[in-house]
Protein chains: 2
Amino acid sequence: MTKISELKDFSECSTTYILAVNDTINVINGKWKAAIISSLFFGKKRYGEIEKDIPKINSRMLSKELRDLEANGIVVRKVYDTIPVGVEYELTESGHAFRKVLDVMLEWGLEHRKNVIGKTI
Amino acid sequence: MTKISELKDFSECSTTYILAVNDTINVINGKWKAAIISSLFFGKKRYGEIEKDIPKINSRMLSKELRDLEANGIVVRKVYDTIPVGVEYELTESGHAFRKVLDVMLEWGLEHRKNVIGKTI
DNA sequence: CTGAATCCTTAATGATACTG
DNA sequence: CAGTATCATTAAGGATTCAG
């Protein structure tokens with residue numbers, strides 16, 4: 001099953017469906033993950049570069065979110081034994097594939113924004 | 001702009017991009033909204049029917065989430081002046097269009113699950 | 001049947017200071 | 001440079017009770 005339309009009713013929403021959708025939701029939950037992933041679409045980056053991309057994030061949140069994303073197999077962390085130490089973050093294959101999710105979210109968000117503004121103003 | 005690949009780097013992530021993606025994230029944030037929307041894909045339902053579809057939700061959360069979804073233009077609430085009062089919830093056009101977001105989330109989630117299991121077991 | 005009201009617990013985020 | 005530690009604040013969620 002790869003589409004909701006393949007189900008007859010909600011009672012058929014199998015564990016698989018719920019688990020897979022929740023996996024995806026958990027990847028982006030929180031205030032910053034979508035921004036961090038988006039930042040890394042444009043190539044591997046160092047901690048400080050991501051921090052500059054997302055000005056209002058603080059270091060505690062950035063390192064926590066990066067750890068989450070690493071644990072979830074979305075980014076990989078590479079440490080270079082230089083002085084001072086250099087660290088680079090890069091998307092995994094799954095991380096890059098997440099682009100299609102964000103693309104659809106963007107498309108739906110734009111359309112929805114148009115609908116709502118059309119109906120409330 | 002309707003795709004991330006139309007940007008050269010993250011600094012071009014315009015307000016439009018951020019706002020639209022956040023609109024979408026906010027629609028499903030929280031523990032229950034994806035399930036509620038999915039339940040309504042299969043037609044308009046009454047409060048109690050949704051409650052039965054999602055066994056572990058409690059009434060405070062269900063009515064709160066439904067109010068959120070209504071305020072965001074995802075569902076409409078229709079009251080029938082019967083005794084006892086009947087209420088039906090139904091997806092708006094935007095709500096139905098959200099199917100494509102969930103479809104991509106499902107597809108990515110399944111693929112990701114395969115990747116991660118393949119690499120950790 | 002469809003919720004609203006209240007209280008409580010836990011999770012998420014923020015601010016600030018500090019370190020190898 | 002790339003974080004960690006600590007404390008404070010806010011948001012999310014759960015349990016229970018009650019009402020039109």
Side-chain angles (χ1 to χ4, degrees), chain A residues 10 18 21-40 43-72 74-91, chain B residues 10 18 21-40 43-72 74-91:
Chain A
F10 188 75
I18 298 290
V21 170
N22 274 346
D23 279 356
T24 311
I25 290 177
N26 289 333
V27 165
I28 40 162
N29 85 355
K31 206 169 162 181
W32 303 109
K33 295 211 180 74
I36 294 171
I37 295 171
S38 299
S39 163
L40 290 174
K44 61 176 74 164
K45 285 191 182 162
R46 310 184 50 164
Y47 183 92
E49 295 180 293
I50 304 173
E51 206 170 22
K52 259 187 295 181
D53 271 353
I54 309 167
K56 289 179 195 164
I57 200 171
N58 71 43
S59 64
R60 196 186 72 87
M61 286 311 294
L62 179 54
S63 70
K64 180 193 164 293
E65 301 291 57
L66 283 169
R67 261 181 283 130
D68 282 4
L69 291 170
E70 195 190 359
N72 278 313
I74 310 298
V75 308
V76 284
R77 178 176 183 270
K78 287 177 182 164
V79 182
Y80 297 95
D81 204 2
T82 54
I83 300 175
V85 57
V87 181
E88 279 182 347
Y89 292 92
E90 187 175 5
L91 292 176
Chain B
F10 188 74
I18 298 289
V21 171
N22 274 347
D23 278 357
T24 310
I25 289 177
N26 289 334
V27 165
I28 41 162
N29 84 356
K31 205 169 162 180
W32 304 109
K33 295 211 180 73
I36 294 171
I37 294 171
S38 298
S39 162
L40 291 174
K44 61 176 75 164
K45 286 189 179 162
R46 308 187 49 165
Y47 183 90
E49 294 180 291
I50 305 173
E51 206 170 20
K52 258 187 294 181
D53 271 352
I54 310 169
K56 291 179 195 164
I57 200 170
N58 71 43
S59 67
R60 197 188 70 90
M61 287 310 294
L62 179 54
S63 69
K64 180 190 163 295
E65 301 292 55
L66 283 169
R67 261 180 285 128
D68 282 4
L69 291 170
E70 194 189 1
N72 277 314
I74 311 299
V75 309
V76 285
R77 178 176 184 271
K78 288 180 182 162
V79 182
Y80 297 95
D81 204 2
T82 53
I83 298 175
V85 57
V87 181
E88 278 183 345
Y89 291 91
E90 185 175 6
L91 293 177

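First the proteins, then the strands, lettered A, B, ... as listed; each starts at 1. Hydrogens, waters and symmetry mates play no part in the numbers below; they use all other heavy atoms, side chains included.
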Please give, in whole Å, the distance from C:dC1 P to B:K52 NZ?
-> 9 Å
Rounded distance (Å) that lies between atom C1' of C:dA11 and atom CD of A:E65 | 13 Å
Any side-chain N or O of B:R60 under 4.0 Å from OP1/OP2 of D:dA12?
-> no
Looking at D:dT4, does its base get a donor-acceptor pair with the side chain of A:S63 below 3.5 Å?
-> no
Would you indicate, yes or no, if C:dG14 has its OP1 or OP2 atom less than 4.0 angstrom from a side-chain nitrogen or oxygen of A:K31?
-> yes
Atom-to-atom span, NZ of A:K64 to C1' of D:dT6 - whole angstrom = 17 Å
Kindly say if B:R67 contacts the phosphate of C:dA4, meaning a side-chain N or O under 4.0 Å from OP1 or OP2.
-> yes
Checking all strands, does B:G86 fall into the base, sugar-phosphate, or nothing category for heavy-atom contacts under 4.0 angstrom?
-> nothing
Validation row: A:L69, A:L91 side chains within 4.5 angstrom (heavy atoms) | no
Contact under 4.0 Å: B:Y89 side-chain N or O vs C:dC1 OP1/OP2 = no
When all nucleic acid strands are considered with a 4.0 Å heavy-atom cut-off, which category describes B:Y80: base, sugar-phosphate, or nothing?
-> nothing
May I ask you to test the A:F10-B:I50 pair for a side-chain heavy-atom distance under 4.5 Å?
-> no
Could you state the CG-C1' distance from A:N58 to D:dG3, rounded to the nearest angstrom?
-> 12 Å
Between B:E65 and B:K33, is there a side-chain N and carboxylate O pair less than 4.0 Å apart?
-> yes
Could you state the atom-to-atom distance from CG of A:L62 to P of C:dG14 in whole Å?
-> 12 Å
Pairwise side-chain contact, A:V27 with A:I37, heavy-atom cut-off 4.5 Å (strictly under) = yes
Ranking A:M61 and B:R77 by the position along DNA chain C of their nearest nucleotide, the one closer to 5' is B:R77
Whole-Å distance between C:dG3 C1' and B:I83 CD1?
-> 17 Å
Calculate the interatomic distance between A:L66 atom CG and D:dG3 atom C1'; express it in whole Å.
-> 11 Å
Looking at A:E49, A:R77, A:R46, which hits side chain to side chain contact (heavy atoms under 4.5 Å, CB included) with A:E88?
-> A:R46
Could you state the atom-to-atom distance from CH2 of A:W32 to P of C:dG14 in whole Å?
-> 5 Å
